[in-house]
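Start at 1 with the first residue, then count along the sequence. The model shown is predicted, which means the values in this text are computed figures rather than measured ones. The basis for the numbers below is simple: all heavy atoms, side chains too, and nothing from hydrogens, waters or symmetry mates.
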Amino acid sequence: MQNRLKLKTLPFCFLAVGAVALSGMAFKPGAWYASIAKPFWTPPNLVFPVAWTILYILIAVAGAILFSQPDRTQKLLWVMQLGFNGLWSWLFFGRHWVLPGFLDMLLLLATIAWLVRRVSDSRIAAWLLAPYLVWVAYASTLNLGIYLLNPH
C-alpha cells in the first residue's frame, strides 16, 4: 500500500489544494507588484499560473497517496504546507508584507523538505512533491530579491 492511493482521498485533497489556490486568486499581484523592482531572474507573469496549476495537481495527488497511509505526521505536514502556502499570498500580495512573506516561505520550504524526507517510504509521493520543493526554493529567492531591491 506504500505508493497506492485510495480514490476516496483524492477529492478531499483536490478540494484542500483548491482552497489554497483560491487564496492565490483572491490576492492577485496587481498594480503594487507591477510597480516594484524585481530580480533579473523573475520569470514572465504567465509562468506563475501555469507552474502553480501543475504543482497544485501534483500536490493533490501526493496528498491523496499520503492520506491513504497510516502515518499521521505525513498528513499533518501536508496540511501545514498548504497553510503556509495559502498564507503567503495574503502576506505578500494582500498586505504587501514582503519580509513576513519571505519568512512564511522559509517555513513553507522547510515543511515541504521535511515532508519529502518523511515520505521516503512512498517514492511516488516524494517525486510528486520534488518539483514543488524546487519551485518554492526558487520563489523564495524571488521573494528575498524583492525585499532587498525595494525600500521598506
If you apply the rule side-chain contact (heavy atoms from CB on, under 4.5 Å), what do you find for Leu66 with Asp71, and how did you get there?
CA-CA 8 Å; Leu66 299 178; Asp71 188 329; over 6 Å; no
Determine whether Arg95 and Trp90 satisfy the following criterion, side-chain contact (heavy atoms from CB on, under 4.5 Å), listing intermediate values before the conclusion.
CA-CA 6 Å; Arg95 305 297 301 173; Trp90 178 76; 3.5 Å; yes
For Trp135 and Leu58, what are the C-alpha separation, side-chain angles and deciding distance, and is it a side-chain contact (heavy atoms from CB on, under 4.5 Å)?
CA-CA 12 Å; Trp135 178 261; Leu58 297 175; over 6 Å; no
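Here the closest non-hydrogen pair linking Gln74 and Gln69 is NE2-OE1, 3.1 Å. Shown here for Pro39 and Leu142, the closest heavy-atom pair between the two residues is CG-O, 3.9 Å. Between Thr141 and Trp41 the shortest heavy-atom distance is OG1-NE1, 3.1 Å.
Looking at heavy atoms from C-beta onward, Leu115 lies in side-chain contact with Leu129 at the 4.5 angstrom threshold. For the pair Tyr56 and Ile59, the minimum side-chain heavy-atom distance is below 4.5 Å. Side-chain atoms of Cys13 and Val61, non-hydrogen and from C-beta on, never get closer than 4.5 Å to each other. Using a 4.5 Å heavy-atom threshold, the side chains of Phe84 and Ile112 count as separate.
Between Phe92 and Trp32, the ring planes lie perpendicular to each other; the angle is over 60°, past the 30° to 60° tilted range.
In terms of modelled atom types and a separation under 3.5 Å, the side chain of Lys38 and the main chain of Pro43 share no donor-acceptor contact.
Cluster annotation: Val79 is connected to Trp88 through the hydrophobic network of ILVMFWY side chains, with a link wherever side-chain heavy atoms come within less than 4.5 Å.
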